[in-house]
> 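Could you have a look at this structure, given as structure tokens, before my questions?
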Protein chains: 2
Amino acid sequence: MTSPEPPTPAVFVLLVALSRVPRHGYGLGQEVQRMTDGRVRLGAGTLYRSLQRMRVAGWVEESGSDTDDERRRVYSLTPAGRSAARAETRRLADLVALATEAGLLEDAPTPREDEHTP
Amino acid sequence: MTSPEPPTPAVFVLLVALSRVPRHGYGLGQEVQRMTDGRVRLGAGTLYRSLQRMRVAGWVEESGSDTDDERRRVYSLTPAGRSAARAETRRLADLVALATEAGLLEDAPTPREDEHTP
DNA sequence: CCCAACTATATCCACCCCGGATACAGTACT
DNA sequence: AGTACTGTATCCGGGGTGGATATAGTTGGG
């Protein structure tokens, strides 16, 4: 929607889920669900396609598996990935600030004038 | 990505831009650009299609034009629209909180353990 | 008065993201 | 051995977005 392409919503939550500990794809899906109290669930297609894009973008890198399960592909966040996540966090925070300043958190039906909540 | 369908990014900024004063489509495009310091620019297609969807969803309603320019279609935010905007603001704020708690705002390259900034 | 630039809305197209289905295989537990 | 779950990958349909195009009214300067 703007310039230098922000991560997609799915990619962003994956970056957040990866921010502390390296994980494999399937585990990331679980972690995203856990840390959002089930509010965000990524479909399988979205999950693995997002990880491929993140790898191509240099935001994650594949590291050696953490168990003897050969199927797992474990990813860890790169500095570039952390940087992208921080930038997107700031972008979203700005958006939230904008909405808040617009009076979108008060309960008033239509606070069109300069009201002040006592 | 989750349940009861959140507004799209474009729709959300339009809801915010409409939160105080009724406006017409073209003016909303300008207002979005102004209030985001040029960081968000909506394409014409996105702008007018979004407004149509918002009208169908009952989030905005067409009110009488504010000038004698007959081309203008002026929209104002409905209570349902304000409610949707507030819900989305909260959802985004939760996401930002999640990212912040994950340590994505510090400058440390990779704060993997319990560091404390002096 | 006339023309150019801007305002204003609407639709079309190509591209990309998403959820869910499908496929295929290894792992774990009984 | 068999069943359920883990794990990755790809395909398909639906939908959002940007930019181009079409059409037309408005404005302001020469």
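By convention in this document, chain letters (A, B, ...) are assigned in the order of the sequence lines, proteins followed by strands, and residues within each chain are numbered from 1. For the numbers below, each heavy atom of this structure counts, side chains included, while hydrogens, waters and symmetry mates do not.
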> Would one find a side-chain N or O of B:Y26 under 4.0 angstrom from OP1 or OP2 of C:dT9?
no

> Separation of A:L47 atom CG from D:dT10 atom P, in whole Å?
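Roughly 13 Å, once rounded to whole Å.
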
> Closest approach of B:F12 and B:A85, non-hydrogen atoms and distance?
CE1-O, 3.6 Å

> Calculate the interatomic distance between A:D69 atom CG and C:dC29 atom C1'; express it in whole Å.
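Rounded to the whole Å, the gap is 15 Å.
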
> Are OP1 or OP2 of C:dT9 and a side-chain N or O of B:R55 less than 4.0 angstrom apart?
no

> Distance check: side-chain N/O of B:R73 vs OP1/OP2 of C:dA10, anything under 4.0 Å?
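For B:R73, the contact criterion (side-chain N or O under 4.0 Å from OP1 or OP2 of C:dA10) is met.
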
> Between A:T8 and A:A44, just flag the one whose closest nucleotide in DNA chain C comes earlier from the 5' side.
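Final value for this comparison: A:T8.
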
> What is the distance, to the nearest angstrom, from the CZ atom on B:R53 to the C1' atom on D:dG14?
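Rounded to whole Å, this separation is 12 Å.
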
> Return the 5'-most residue of the pair B:S50, A:H24 with respect to DNA chain D, ranking by each residue's nearest nucleotide.
A:H24

> Regarding B:G45, tell me which of base, sugar-phosphate or nothing describes its non-hydrogen contacts under 4.0 Å with the strands shown.
base

> Identify the two heavy atoms, one from B:V11 and one from B:P7, that lie closest to each other, and give their separation to 0.1 Å.
CG1-CB, 3.6 Å

> Give B:T46 one of three labels, base, sugar-phosphate or nothing, depending on what nucleic acid heavy atoms sit under 4.0 Å from its own.
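It contacts base atoms.
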
> Rounded to whole Å, how long is the line connecting atom OH of A:Y75 with atom C1' of D:dT8?
9 Å

> Nearest whole Å is fine: how far is C:dA8 C1' from B:Q33 CD?
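Answer to the nearest Å: 16 Å.
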
> In this structure, how many angstroms lie between the C1' atom of D:dT8 and the CD atom of A:E62, rounded?
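For the pair A:E62 CD and D:dT8 C1', the rounded distance is 11 Å.
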
> Taking all non-hydrogen atoms of both residues into account, name the closest pair between A:L28 and A:L51 and its distance.
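Looking at all heavy atoms of both residues, the closest pair is CD1-CD2, 4.0 Å.
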
> Taking for each residue the nucleotide of DNA chain C bearing the nearest heavy atom, is the 5' side occupied by B:G25 or by A:E70?
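It is B:G25, whose closest nucleotide lies nearer the 5' terminus.
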
> Would you indicate, yes or no, if C:dT9 has its OP1 or OP2 atom less than 4.0 angstrom from a side-chain nitrogen or oxygen of B:Q52?
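Result: no.
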
> Start with the C-alpha distance between B:E61 and B:R55, add both sets of side-chain angles, then the distance that settles salt bridge (Lys or Arg N to Asp or Glu O under 4.0 Å), and finish with yes or no.
CA-CA 6 Å; B:E61 58 186 4; B:R55 188 175 43 74; over 6 Å; no

> Please confirm whether any donor atom in the side chain of B:R71 sits under 3.5 Å from an acceptor in the base of D:dG25, or the reverse.
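A donor-acceptor contact between them is present.
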
> Just N and O in the side chain of B:Y48: are any of them under 4.0 Å from OP1 or OP2 of C:dT9?
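It does, given that an N or O in the side chain of B:Y48 lies less than 4.0 Å from OP1 or OP2 of C:dT9.
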
> Rounded to the nearest angstrom, tell me the gap between atom CZ in A:R41 and atom C1' in C:dC18.
13 Å

> Taking the side chain as C-beta and beyond, is there a heavy-atom pair between B:R41 and B:Q33 under 4.5 Å?
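With C-beta onward as the side chain, the pair touches.
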
> Distance criterion of 3.5 Å, no angle test: do you see the side chain of A:R49 paired donor-to-acceptor with the base of C:dG19?
yes

> Can you check the A:L42 CG to D:dA9 P distance for me, whole Å?
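Going from A:L42 (CG) to D:dA9 (P), I get 16 Å.
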
